[in-house]
2 protein chains.
Amino acid sequence: MKKKKEVTIYDLAKELNYSPSTISRALNNHKSIGKKTIKKVQKTAEEFGYRRNALAASLRNNTSKTIGIMISRINRPFIASLITGIEKAARSANYNVIITQSDDKYDNEVNNAKALYDARIGGLIVSLGMETQDTSHFDQYIKQNVPIVFVDRVPENFNSYRVIIDNYAAGYRATKHLIEQGCKRIAHFAGAQHVNVYNLRKKGYLDALKEHGLEVDENLILDMKILSFKEGRKATKQLLKLDNPPDGIFSANDTAAVSAILYAKEKGVKIPQELAIIGFNDDPISRIVEPTLSTVSHPAQKMGEISTRRILEHATRDLDSAVSEITMLDTEIIVRNSSNRNLKLS
Amino acid sequence: MKKKKEVTIYDLAKELNYSPSTISRALNNHKSIGKKTIKKVQKTAEEFGYRRNALAASLRNNTSKTIGIMISRINRPFIASLITGIEKAARSANYNVIITQSDDKYDNEVNNAKALYDARIGGLIVSLGMETQDTSHFDQYIKQNVPIVFVDRVPENFNSYRVIIDNYAAGYRATKHLIEQGCKRIAHFAGAQHVNVYNLRKKGYLDALKEHGLEVDENLILDMKILSFKEGRKATKQLLKLDNPPDGIFSANDTAAVSAILYAKEKGVKIPQELAIIGFNDDPISRIVEPTLSTVSHPAQKMGEISTRRILEHATRDLDSAVSEITMLDTEIIVRNSSNRNLKLS
DNA sequence: ATATTAAACGCAATCGGTTGTTATCCCAAA
DNA sequence: TTTGGGATAACAACCGATTGCGTTTAATAT
């Protein structure tokens with residue numbers, strides 16, 4: 001149970017006959033330290049295998065080189081990519097990353113916000129949970145000037161950084177794509193409408209219909225609380241039972257879109273000839289389901305990188321966290337077999 | 001840029017006319033502090049909104065209530081569940097979790113081990129990357145008595161906690177299941193053989209064949225470095241080209257199994273009648289592919305919980321980290337359509 | 001009433017960097 | 001020769017909780 005002691009700046013100070021403060025500044029390339037001194041100190045530090053004790057620094061500065069992440073669930077392809085992007089950018093700046101999951105429960109989100117705050121994180125990246133309407137649990141961060149970046153699912157009325165995709169345009173273009181394939185009655189699997197991303201996708205869908213002279217049929221618009229496999233099946237069933245069923249579906253996520261494909265196939269509906277389908281997210285499954293699913297792809301990893309960059313910048317620039325800056329990224333329509341009616345059958 | 005000061009034990013001490021040490025002990029329910037004092041202190045702490053500064057405590061103790069996780073990639077269903085299990089157990093014990101990904105690169109793994117060590121994590125949970133053969137980057141943890149739990153992909157010769165599944169039995173039973181379905185020539189998609197889980201699954205496969213009097217044909221055993229979609233296709237192609245193709249495949253993961261299903265279907269091979277397939281992991285995709293994929297399910301989340309528990313226990317028991325304790329969990333064969341020849345066709 | 005002892009709490013050092021302020025030294029300008 | 005100033009580096013306080021050891025008080029034993 002003996003612990004080998006770590007090398008500290010005091011050890012280096014003794015070795016080199018400098019004071020600890022000089023060592024500290026030298027290691028941080030402080031301008032008030034001579035060039036040769038800096039070189040000498042850093043060389044010795046290397047030789048001694050010195051490792052900066054981040055805890056001590058964090059305690060003193062009351063902030064740490066750690067980025068907190070709050071997401072609903074880790075096991076979604078989009079989130080996984082997002083995290084990968086964050087992690088890469090963070091690690092290359094010598095930041096750590098703490099991930100918390102809310103499981104889309106508001107209470108968990110509040111608790112996680114507290115826990116991360118207590119960990120003195122240097123910045124927070126958040127994709128809101130489904131239940132979240134009130135965002136006051138983030139107020140303390142603003143007070144302490146800890147930067148917050150909201151990603152994807154962002155709040156309406158909170159002053160902070162935002163990194164989002166153009167959901168309206170994506171919804172519009174996805175719908176337009178179906179129209180171009182000849183669809184006349186296009187259904188929409190809409191997510192919870194208080195969540196901005198779903199709300200905007202629906203708006204894009206509606207405007208695309210209108211601008212192309214297609215009737216908006218409320219029976220074809222299904223507001224679903226959860227865009228799950230189960231709900232997707234239910235919704236598809238409901239649609240196919242209509243006297244006048246749709247000939248296209250734009251689903252606000254891939255999971256529900258896939259369930260639509262599977263259910264329609266079970267019922268002998270030809271895809272895409274009788275029913276063209278497009279999803280959202282470009283989950284891996286969209287390449288595996290048959291027919292392969294057309295979809296809209298997020299630049300998820302890039303969003304993670306950008307979010308991290310915002311936080312790092314904030315730290316350097318010494319800004320006030322009241323800044324509000326929106327970064328909007330483009331999406332891409334990926335046409336696969338589930339919506340491509342011009343395809344030669346193989 | 002003004003920062004509101006946090007309440008510290010010094011504030012409480014002043015308020016209650018106690019010394020900081022008494023406050024500290026009272027908050028930690030130390031036995032040498034009077035009952036009423038403890039109550040009084042904790043009540044005031046509550047009122048004042050006191051929040052323990054974990055950094056200060058960590059600095060003093062040279063260890064933090066943080067669990068480090070090292071995995072290859074977050075975007076795998078098994079890993080995601082594992083993490084969820086870890087996170088839940090950790091959070092309920094007031095621990096934080098730091099996740100690092102190696103992307104199956106050895107160098108990344110070494111760096112992550114260093115970074116987590118610098119963060120003074122209180123325990124480490126590791127699922128080894130594919131490349132990892134040498135494990136000396138974990139030695140420093142042992143020296144400092146920081147508990148390490150290896151999960152799933154564990155090293156052979158490293159003294160520590162292990163939480164694993166019975167890969168041998170799983171491989172045996174999966175193969176036996178195919179035999180029971182009438183398969184005579186069963187192929188195996190084997191993963192990299194220096195990784196224990198793949199090695200054991202293969203052993204189980206081999207023994208099942210032998211014990212049921214089936215010939216082992218080396219042409220049917222494909223050692224694949226990566227059990228990816230692409231490699232799976234390639235392997236299936238190779239198998240179907242044989243003069244004497246297999247009538248069953250046991251794949252060491254679901255990804256490759258799914259690719260086999262898709263490729264075989266393309267080639268008009270009837271599943272499961274002409275080719276029965278079983279995978280490994282029970283990834284969500286196994287329910288979606290058609291026919292649905294039989295597979296072996298891990299208790300992933302439970303493994304995460306148990307791993308965390310090992311670390312927490314270690315902290316309480318004040319054990320030496322030289323302890324080696326193996327927890328082996330059972331798996332479950334899940335029979336779906338890809339291998340069920342007794343199924344009535346719908 | 002005195003000695004013994006356990007319970008309850010305080011003192012002060014400690015963990016390892018960071019930083020405002022002060023001190024020293026050297027060189028150039030007056 | 002003296003003074004001003006820039007360049008370097010040292011001093012010491014500080015971040016907030018923890019803990020070994022010592023002291024006080026009160027209760028129990030003799």
Side-chain angles (χ1 to χ4, degrees), chain A residues 3-42 44-45 48-66 94 117-120 122 144 315 318, chain B residues 3-42 44-45 48-66 94 117-120 122 144 315 318:
Chain A
K3 315 226 173 186
K4 213 183 14 180
K5 293 269 291 194
E6 299 285 333
V7 180
T8 73
I9 55 171
Y10 296 92
D11 300 326
L12 297 178
K14 226 171 291 170
E15 172 72 15
L16 293 169
N17 254 29
Y18 279 125
S19 76
S21 42
T22 300
I23 303 291
S24 171
R25 286 193 249 252
L27 290 171
N28 291 312
N29 290 310
H30 195 284
K31 57 198 161 198
S32 82
I33 301 293
K35 283 275 183 187
K36 328 129 222 164
T37 311
I38 289 188
K39 209 155 254 167
K40 195 165 28 158
V41 169
Q42 296 191 344
T44 321
F48 276 52
Y50 168 79
R51 304 262 211 92
R52 182 171 177 277
N53 185 328
L55 290 176
S58 299
L59 173 59
R60 172 65 217 242
N61 300 333
N62 199 34
T63 180
S64 68
K65 285 197 166 194
T66 299
N94 252 305
Y117 183 81
D118 283 348
R120 266 70 178 177
Q144 296 290 331
D318 192 31
Chain B
K3 316 227 172 184
K4 215 184 12 185
K5 291 269 289 193
E6 299 285 331
V7 181
T8 72
I9 55 170
Y10 296 93
D11 300 325
L12 297 178
K14 225 171 289 170
E15 172 72 14
L16 293 169
N17 255 31
Y18 279 124
S19 77
S21 38
T22 300
I23 303 291
S24 171
R25 287 192 251 253
L27 290 171
N28 291 314
N29 291 310
H30 195 284
K31 58 198 162 199
S32 81
I33 300 294
K35 283 274 184 190
K36 328 130 222 164
T37 312
I38 289 187
K39 208 154 254 167
K40 197 165 30 159
V41 170
Q42 295 191 347
T44 319
F48 275 53
Y50 168 79
R51 305 262 209 91
R52 181 171 178 277
N53 185 329
L55 290 176
S58 299
L59 174 59
R60 174 63 219 245
N61 301 332
N62 199 36
T63 179
S64 68
K65 286 197 165 194
T66 300
N94 252 306
Y117 183 81
D118 284 347
R120 264 70 178 177
Q144 296 289 330
D318 192 30

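In what follows, every chain begins at residue 1, and chains take the letters A, B, ... in the order their sequences are listed.
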With respect to the phosphate group of D:dA7, does any side-chain polar atom (N or O) of A:S32 fall under 4.0 Å of OP1 or OP2? no
What's the CG-P distance between A:N62 and D:dG16, to the nearest Å? 6 Å
Tell me whether the side-chain N or O atoms of B:R25 pair up with the base of D:dG20 as donor and acceptor below 3.5 Å, since no angle test is needed here. yes
Side-chain donor or acceptor of A:S64 paired with backbone N/O of A:R120 under 3.5 Å: yes
Atom CD1 of A:I9 and atom P of D:dC11 are separated, to the nearest Å, by 14 Å
Assign each of B:A57 and A:S19 to its nearest nucleotide of DNA chain D by heavy atoms, then name whichever residue's nucleotide is nearer the 5' end. A:S19
Whole-Å distance separating the CG atom of A:N17 from the C1' atom of D:dA9: 12 Å
Taking for each residue the nucleotide of DNA chain C with the nearest heavy atom, is it B:I23 or B:L59 whose nucleotide lies nearer the 5' end? B:I23
Atom CG of A:N53 and atom P of C:dT14 are separated, to the nearest Å, by 17 Å
Distance check: side-chain N/O of A:T37 vs OP1/OP2 of D:dA9, anything under 4.0 Å? yes
With hydrogens left out and only the distance checked, is there a donor-acceptor pair under 3.5 Å joining A:Y18's side chain and the base of D:dA10? no
A:T22 side-chain N/O to A:Y18 backbone N/O, donor-acceptor pair under 3.5 Å: no
Output the rounded distance in Å from CZ (B:R60) to P (C:dG16). 10 Å
Pair of N/O donor and acceptor under 3.5 Å linking D:dC15 base with B:T8 side chain: no
Is A:Q42 reaching over with its side chain to a backbone N or O of A:A26, donor-acceptor style, under 3.5 angstrom? yes
On DNA chain C, check which nucleotide each of B:K31 and B:R120 is closest to and give me the residue with the more 5' one. B:K31
Rounded to whole Å, how long is the line connecting atom CG of A:L55 with atom P of D:dA17? 14 Å
Looking at B:Y50, does any N or O in its side chain come under 4.0 Å of the phosphate oxygens OP1/OP2 on D:dA17? yes
In this structure, how many angstroms lie between the C1' atom of C:dC15 and the CG atom of A:N61, rounded? 15 Å
Whole-Å distance between C:dG20 C1' and A:N28 CG? 16 Å
Selection from D:dG16, D:dT19, C:dG16 that lies nearest to any side-chain heavy atom of B:S21: D:dT19
